[in-house]
Amino acid sequence: MPLALKHRWNLSFEQAARLQVRLRSRVRLSPPRGAIRRVAGADVAYDSSGDTLVAAVLTYRLPGMELEEVVTARDRVRFPYVPGFLSFREVPAIVRAARRLRAKPDLLLCDGQGLAHPRRFGLACHLGLLLDVPSIGVAKSILVGRCREPGFRRGNRSRIVHQDEVVGWAIRTRSGVRPVYVSPGHRCNLPWAARKVLSCCRGFRLPEPVRQAHLEVTRLRHRAE
DNA sequence: GCGACAG
DNA sequence: ATCTTGTCGC
């Protein structure tokens, strides 16, 4: 899969923040019209020394959720972890892996925030924009904003509000389990994103593509230490 | 200045 | 994220 947009990565925090603001204007919020037949999940892991990261992107066919492709890539860590700048640390490796996909996915589920970000440009937005693929941020905790505890049952949700804006939803993807924090990445809106995340869950808290991507990078990390 | 803070 | 064992609950 070719990337639709490219830019340099060795930036100062100030330059990175300015880039986020500039790229934010390119994010689109209209959801895809047709059915989603191929959904991807991406995740990253670090080796114990912390200077290498491994990324994996897995694609599945819908509606049956059959595994189609598994691509991976290794890369050197080039950016520190600073809240609000996670994509500058993880996206390069994920892009390296994604470029090896033979077939472009119709949707990409990312481990992190989308619009629920201080400058409305989380990892999911960044990745969706560079690859020009509809994307959704599925985070395990909140970066910015506040929300009430959603109801106990699967499907229950509550708004994540930041600076008087609804930037995402806390969604119970499985009854009685901690919610996930969903926000649009690129080329989709919140209701559509929430529906897709719920439909991609297979009995676990995290949607299957991201859950399996996480297992994959964890295996890769152990296999090389 | 004091906390909060995706992975 | 990573460092780490057992343990409570369905």
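Predicted model only: the values in this text are computed from it and were never measured.
Ring planes of A:Phe88 and A:Trp9: perpendicular class, angle over 60° (limits at 30 and 60°).
For the pair A:Arg119 and A:Phe85, the cation-pi criterion (under 6.0 Å, within 45° of the ring axis) is fulfilled.
Among the heavy atoms of the strands, none lies under 4.0 Å from A:Ala116. Across all strands shown, A:Arg221 has heavy atoms under 4.0 Å from sugar-phosphate atoms exclusively, and none from any base.
Atoms NE2 (A:His222) and C1' (C:dA1) sit 13 Å apart, rounded to a whole Å. The interatomic distance linking A:Leu206 (CG) with C:dA1 (P) rounds to 10 Å, in whole Å.
Taking the ring centroids of A:His7 and A:His126, they lie under the 6.0 Å cut-off. Checked against the 6.0 Å centroid criterion, the rings of A:Phe79 and A:Phe13 qualify as a close aromatic pair.
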In B/S/- notation, 5' to 3', how is nucleotides 1-7 of chain B contacted by protein heavy atoms closer than 4.0 Å? ----BBB
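A salt bridge is absent between A:Glu69 and A:Arg102; no separation between the charged side-chain nitrogens and carboxylate oxygens falls under 4.0 Å. Checked for salt-bridge contact, A:Arg61 and A:Glu68 meet the test: a charged N lies under 4.0 Å from a carboxylate O.
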